[in-house]
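I have placed the structure first, in the form of structure tokens, so that the comments after it can refer back to it.
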Amino acid sequence: AARDHAMTVLAYYGAMRRSEVVLATVGGFDEAVGTLTFFRPKCRDWHCVGLPDEAVVVLARWIQSERARRPMHGSARLFASQKGDGAMTGGQFARVFRQACKDAGIPRAKAHAHCLRRSRATHLLEASGGDYRLAQAALGHASVATTEVYLSSNREAALMRRYGLA
């Protein structure tokens, strides 16, 4: 449960794809600064995100608890499989997330890990008063146009809900 919570917190606050979450390493996490640097397979590059205090605390506790169970050197993956015999895969993370959603009563159609990334971007957009650049930086998009397309349907739906049109 602690592993699943830490993965979900990281996926949301880091606006990360499931492949990025499972590839994240201990050495990429800088607790003092509150950042995580990780490899993005889709983009074939490295990305650094700032994490809020809540996420830093969750990750630091997770790493501390795991150090008692397995070697946690710099290149070690943050999240091992449940048996602890290997790194998590994106598919395993997706299954864990779907089960958590099922347990919480969230419909299966809305129970996919990418919802965390979209939700984080949408929340950043709303918190910034509609400035796409903050969401663009969090998502790691090279162009703000990509971010606008990515968020347009979410934003329209949120505005419709806010003003009672949906």
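Heavy atoms only: backbone and side chains are in, while hydrogens, waters and symmetry mates are out.
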*Any chance you could measure Arg98, atom CZ, to Ile106, atom CD1, to the nearest 0.5 Å?*
13.5 Å
Could you pull out every donor-acceptor pair under 3.5 Å between side chains of residues 73-80 and any protein atom, sequence neighbours left out?
from  : atom 1 : to    : atom 2 : distance (Å)
His73 : ND1    : Ser75 : N      : 3.4
His73 : ND1    : Ser75 : OG     : 3.1
His73 : ND1    : Ala76 : N      : 3.4

*His123: what forms a ring-ring contact (aromatic ring centres under 6.0 Å, His included) with it, not counting sequence neighbours?*
Tyr12
_If the condition is side chain to side chain donor-acceptor pair (under 3.5 Å), which residues does Gln92 pass it with, not counting sequence neighbours?_
Thr89
*asked:* Do Phe93 and Val26 land in one hydrophobic cluster if side-chain heavy atoms of ILVMFWY residues count as linked below 4.5 Å?
replied: yes
*asked:* Has Arg117 got a side-chain atom pairing as donor or acceptor with Leu139's backbone, closer than 3.5 angstrom?
replied: yes
*Nearest non-hydrogen partners of Cys48 and Thr35, listed with the distance*: SG-CB, 3.8 Å
_What's the separation between atom CZ in Phe97 and atom SG in Cys115, rounded to the nearest 0.5 Å?_
6.5 Å
_Contacts of type side-chain contact (heavy atoms from CB on, under 4.5 Å), residue Ser65, not counting sequence neighbours_ = Trp62
*Output yes when a side-chain donor or acceptor of Gln136 lies under 3.5 Å from a complementary backbone atom of Thr147, and no otherwise.*
no
I'd like a table of donor-acceptor pairs (distance under 3.5 Å, sequence neighbours excluded) in which one partner is a side-chain atom from residues 51-60, with atom names and distances.
from  : atom 1 : to    : atom 2 : distance (Å)
Glu54 : OE1    : Tyr13 : OH     : 2.9

*Answer yes or no: is there a donor N or O on one side and an acceptor on the other, between the side chain of Arg40 and the main chain of Gly140, under 3.5 Å?*
yes
_Qualifying residues under ring-ring contact (aromatic ring centres under 6.0 Å, His included), relative to His5, sequence neighbours excluded_ = none
*Ala15 and Arg120: which non-hydrogen atoms are nearest, and at how many Å?*
CB-CG, 4.0 Å
_Quick check on the hydrophobic clustering: are Val22 and Ile63 connected, directly or via other members, by side-chain heavy-atom contacts under 4.5 Å?_
yes
